[in-house]
Amino acid sequence: MRVMVFVKATEDSEKGFVPTPETMAMMEAMGKYNDELRNAGILLTADGLKPSSEGKRIAFDGPGRRVIDGPFAETRELVAGFWLWEVKDMDEAVAWVKRCPNPMPGPSEIEIRPLYEMADWQQ
């Protein structure tokens, strides 16, 4: 099964990446973790996202479209980065997330969501 693993944004991540000894150590630890995922054959892709201040949203209402410039409110609802993994089940995904170094300087959350597969659409 494929899962998308979201690193939830924090006030720190919304300030943008600043290379400090602490953030560089975090990046090194995350690099080692990504190597473990890759070596285990789980990692399909991964990346970090720039702060929402550099993003845009497009709001749809029938045929209308409206562009909304970032930054976006509710930081805890934003995504700062992601992985796409191939795992045997949700339990394996949870086990891997528990091994992850904390992706933020303070408290943080990681969310796991399964992707729809073709079998989900067949009756």
Side-chain angles (χ1 to χ4, degrees):
M1 88 185 282
R2 292 176 306 152
V3 295
M4 182 71 73
V5 183
F6 298 102
V7 176
K8 302 302 284 256
T10 65
E11 288 183 21
D12 285 322
S13 69
E14 280 294 288
K15 293 175 186 171
F17 180 76
V18 179
T20 66
E22 180 183 51
T23 59
M24 296 310 288
M26 287 171 47
M27 294 300 290
E28 184 178 339
M30 195 60 72
K32 290 178 182 175
Y33 178 69
N34 286 338
D35 288 343
E36 289 179 41
L37 291 167
R38 195 173 294 106
N39 292 338
I42 289 171
L43 181 62
L44 300 176
T45 191
D47 235 318
L49 300 173
K50 290 187 176 186
S52 70
S53 60
E54 297 189 39
K56 299 199 182 280
R57 288 183 177 167
I58 304 352
F60 291 74
D61 187 3
R65 306 292 185 265
R66 182 171 53 93
V67 176
I68 304 163
D69 294 326
F72 307 123
E74 298 299 328
T75 298
R76 62 184 165 74
E77 298 299 325
L78 299 174
V79 175
F82 68 92
W83 291 276
L84 182 59
W85 293 349
E86 179 79 40
V87 292
K88 67 179 182 202
D89 55 28
M90 189 60 86
D91 289 339
E92 182 179 27
V94 168
W96 275 100
V97 170
K98 285 182 173 181
R99 294 175 56 182
C100 182
N102 188 348
M104 301 292 169
S108 64
E109 289 185 1
I110 293 179
E111 178 180 337
I112 307 167
R113 301 270 301 275
L115 276 68
Y116 280 107
E117 302 290 350
M118 287 305 295
D120 295 323
W121 302 107
Q122 297 170 352
Q123 294 186 16

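- Hydrophobic clustering, with ILVMFWY side chains joined whenever heavy atoms are under 4.5 angstrom apart, keeps L49 apart from F17.
- Under a hydrophobic-cluster definition in which Ile, Leu, Val, Met, Phe, Trp and Tyr are linked whenever side-chain heavy atoms come within less than 4.5 Å, directly or via other members, F82 and V97 are assigned to different clusters.
- Linking ILVMFWY side-chain heavy atoms closer than 4.5 Å, directly or via other members, places V79 and L43 in two distinct hydrophobic clusters.
- Using a 4.0 Å cut-off between charged nitrogen and carboxylate oxygen, R38 and E36 do not count as a salt-bridge pair.
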Checking N34 against W83 for the side-chain contact (heavy atoms from CB on, under 4.5 Å) test, could you report, in this order, the C-alpha distance in whole Å, the side-chain angles of both residues, the deciding distance, and whether it holds?
CA-CA 9 Å; N34 286 338; W83 291 276; 2.7 Å; yes
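- Linking Ile, Leu, Val, Met, Phe, Trp and Tyr residues whenever their side-chain heavy atoms come within less than 4.5 Å places M90 and W96 in a single cluster.
- Below 30°, between 30° and 60°, or above 60°: for W121 and Y116 the angle between ring planes is between 30° and 60°, a tilted geometry.
- In this structure, the side chains of K8 and R76 stay at 4.5 Å or more apart for every pair of heavy atoms.
- Counting heavy-atom neighbours within 6.0 Å of M27 CE, excluding the residue itself, gives a total of 12 or less.
- Counting heavy atoms from C-beta on, the side chains of V3 and V5 come closer than 4.5 Å.
- L44 and M30 fall into different hydrophobic clusters, defined by Ile, Leu, Val, Met, Phe, Trp and Tyr side-chain heavy atoms under 4.5 Å apart, directly or through other members.
- More than 12 heavy atoms of other residues, nucleotides or ligands shown are found within 6.0 angstrom of CG on D120.
- Here the side chain of S52 pairs a donor or acceptor atom with the backbone of F72 at under 3.5 angstrom.
- Within 6.0 Å of atom CD in E11, 12 or fewer heavy atoms from other residues, nucleotides or ligands are found, so the atom counts as exposed in its surroundings.
- At a threshold of 4.5 Å between non-hydrogen side-chain atoms, the residues V7 and M104 count as touching.
- Ion pairing of K32 with E28 is present here, as a side-chain N (NZ or NE/NH1/NH2) and a carboxylate O approach within less than 4.0 Å.
- When the shell of 6.0 Å around CZ of R66 is examined, it contains 12 or fewer heavy atoms from other residues, nucleotides or ligands.
- Side-chain contact of E14 with S53: a donor-acceptor pair under 3.5 Å is absent, judged by distance alone.
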